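Here is the naming used below: chain letters follow the sequence lines, and residue numbers restart at 1 for every chain. Being a predicted model, the structure only gives us computed values, none of them experimental. Computed over heavy atoms, backbone and side chain alike; hydrogens, waters and symmetry mates excluded.
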Amino acid sequence: MWICRSNRGKGAVCFIKLRDGTGSLQAFIKKGNVSDEELEIAQTASRESTFQITGEIAKKRPPKVPEGEPLPPPEYEIVASKIIILSLAETPMPLGVTDKVEVGMDVRLDNRFLDLRRKHINAMFKLRSRILQYGREHLISEGFGEINSPKIIAAAAEGGTNLFPIKYFDRDAYLSQSPQLYKQLAVMGNLERVFEIGPAFRAEKHDTYRHLNEFISFDIEMAWASDEDVMQVQERMISHIWSEIKSNDQSLIDDINEFRVSEEKEPIVVNVPSIPFPRVSYCEAIELIQNKGIEINWGDDIEAHHADMLAEKYSEFYFIPKWPMAMKPFYIFHDKNETSATGGQLSRGFDLNYGRDEMTSGGQREHRADVLTQNLIDVDLNPDDFDFYIDGFRYGAPPHAGWGLGVARLLMVLTGAGNVRETVLFPRDRRRCTP
RNA sequence: GCUCCUGUAGUGUAGUGGCCUAUCAUGCAGCCCUGUCACGGCUGCGACCCGGGUUCAAAUCCCGGCAGGGGCGCCA
């Protein structure tokens, strides 16, 4: 186990707080129980060194409490009889695992292995694992199967975003921005309900609390489904995740709250969101923002400062369905009869927001090969580059829908983290690609 | 690509021209105390990002470089 903290000095007794993945424990070391050399080791070893301690578990002596106050519940400790040092930690450490002083993000990320030993950071990544676990469980219970799509792709598949170019033997290739086209092809192949949890790469030079250049996307695609059908899948899944965390993982939440309270922040409370989430269509959202006295027109993007207006009314999860077709990618489905009051073509694309922040983008997909081809032409993409994709729709295609959810953003919402870098082990941003 | 801000011991900070031989906390080292438990006490160690300029005097003002951060744009 690691040494968390030891008392100082050369006396006849010594206490060391030990830690491993299962929790922490005090070791009681007393002259006579161990050799003098072992006592010396225990008293002088640096923090974060690793020990192997043999001994008996015994009830701790209760701490002194002021007159009249109740004794705390009994605690246990290990009374050491043998101490072996496994690895001495160098000093000074670049950041203190148990120190009260704050640490800058950069120092933390440069020394993530130490940062992760901090209790609340550790809890954050255990929660991340739980989110993925509960999300998987839920989708599997609804008949979904997990797939893996290629991350090395041949062409700038969808336009819109910048891709990272790579060398693929003698050819140029790119890192995938999304599993979109491949999960659709899987559905064309009668896998019917699929999901993927995998990396997506975007070569955008953004620099905000919610963007990274590599992130894990939680994607689903579902045959014989509409935008509304997959929104329901999503709200059930999120509700399931929250509900499982609330009943199984309160101790991890407590670890985070212990830190938040020391920082004088509000503790987080896991409130299982009620279903259905509000639906605020794009047209309604624009109207709502206009009513706040902000100048915005139908067809404009809802930017972060606009979403602040929506967040005043909808502070938690809400869907924004039916975006203008012109603002959505070519593979989103549209119905010619669905238009705005001003006559603009609507689509079956939707977003899921939490307050001001976008969590998900999704929609019903275009399954008509001829419309897909026309959509590509409309956005100045060459249909020939997409033969591998459109071919999949030529031989009978089911209507289908899906979405992609940012795992790190969901974890931010759950844990109240203010920066997506908090929720990713080794984040990749504009300036950082190490460690 | 635009814009604003910041670089002080291992870490987090105080400091806006002389009171800086640079504050405090944490850490580290030594000593003392100790069935401690956020242990405590004493002593010590350790820093002004780099280069140039202004000035009698620069951590502090100016210029350049480097590094970092916030926001915007962009972003399925």
Just the rounded figure in Å: distance from [atom2] of [N] to [atom1] of [X].
X: A:R409; N: B:C75; atom1: CZ; atom2: C1'; answer: 9 Å
X: A:D351; N: B:C75; atom1: CG; atom2: P; answer: 13 Å
X: A:Q180; N: B:C75; atom1: CD; atom2: P; answer: 17 Å
X: A:Q43; N: B:U34; atom1: CD; atom2: P; answer: 13 Å
X: A:D106; N: B:A67; atom1: CG; atom2: P; answer: 12 Å
X: A:R356; N: B:C75; atom1: CZ; atom2: P; answer: 17 Å
X: A:I29; N: B:U34; atom1: CD1; atom2: P; answer: 18 Å
X: A:I16; N: B:U34; atom1: CD1; atom2: C1'; answer: 15 Å

Under a 3.5 Å cutoff, is there a donor and acceptor pairing between the side chains of [X] and [Y]?
X: A:D357; Y: A:Y209; answer: yes
X: A:E221; Y: A:W403; answer: no
X: A:E90; Y: A:S46; answer: no
X: A:S81; Y: A:E56; answer: no

Nearest-Å distance once atom [atom1] is located in both [N] and [M]:
N: B:C50; M: B:C56; atom1: P; answer: 25 Å
N: B:A22; M: B:C63; atom1: C1'; answer: 26 Å
N: B:G52; M: B:G15; atom1: C1'; answer: 24 Å
N: B:A57; M: B:C19; atom1: P; answer: 14 Å
N: B:A59; M: B:U3; atom1: C1'; answer: 27 Å
N: B:G7; M: B:C45; atom1: P; answer: 27 Å
N: B:G53; M: B:G69; atom1: C1'; answer: 28 Å
N: B:G17; M: B:C75; atom1: C1'; answer: 47 Å

Do the ring planes of [X] and [Y] sit parallel (below 30°), tilted (30 to 60°) or perpendicular (above 60°)?
X: A:W323; Y: A:Y282; result: tilted
X: A:F317; Y: A:F277; result: parallel
X: A:F386; Y: A:F388; result: parallel

[X] side-chain N/O to [Y] backbone N/O, donor-acceptor pair under 3.5 Å:
X: A:E284; Y: A:S281; value: yes
X: A:R428; Y: A:C433; value: yes
X: A:E142; Y: A:L139; value: no

So, is the end of the A:R193 side chain (NZ or CZ) under 6.0 Å from the ring centre of A:F144 and within 45° of the ring's axis?
yes
For [N], the Watson-Crick or wobble counterpart (both distances under 3.5 Å):
N: B:U11; answer: B:A25
N: B:A67; answer: B:U6
N: B:U54; answer: none
N: B:C39; answer: none
N: B:G1; answer: B:C72

Please list all pairs meeting ring-ring contact (aromatic ring centres under 6.0 Å, His included) that have one or both residues in residues 408-435 of chain A, counting only residues at least two apart or in different chains.
none
Mark yes or no for a side-chain to base donor-acceptor pair under 3.5 Å between A:E77 and B:G35, with no hydrogen or angle criteria applied.
yes
Quick one: the side chain of A:K60 and the base of B:C37, do they pair up donor-acceptor inside 3.5 Å?
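For A:K60, whose side chain was compared with the base of B:C37, there is a donor-acceptor pair (under 3.5 Å).
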Comparing A:G104 and A:F28 on RNA chain B - which has the more 5′ nearest nucleotide
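Per heavy-atom nearest nucleotide, the more 5' residue is A:G104.
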Specify the residue among A:V103 and A:E358 whose closest nucleotide of RNA chain B lies further upstream toward the 5′ end.
A:V103
Heavy-atom protein contacts under 4.0 Å, nucleotides 44-49 of chain B, coded B base, S sugar-phosphate only, - none
------
Looking across every strand, which nucleic acid part, if any, lies under 4.0 Å from [X] by heavy atom: base, sugar-phosphate, or nothing?
X: A:Y209; value: sugar-phosphate
X: A:R108; value: nothing
X: A:S217; value: nothing

State which of B:C72, B:C74, B:G12 makes the closest approach to the side chain of A:V107.
B:G12
At less than 4.0 Å, is any side-chain N or O atom of A:N419 found next to OP1 or OP2 of B:G70? Yes or no.
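Checking A:N419 against B:G70: at least one side-chain N or O falls below 4.0 Å of OP1 or OP2.
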Grab the N/O contacts between the protein and nucleotides 6-10 of chain B below 3.5 Å, and write none if there aren't any.
unit_1: B:G10; atom_1: O2'; unit_2: A:M93; atom_2: O; d: 3.1

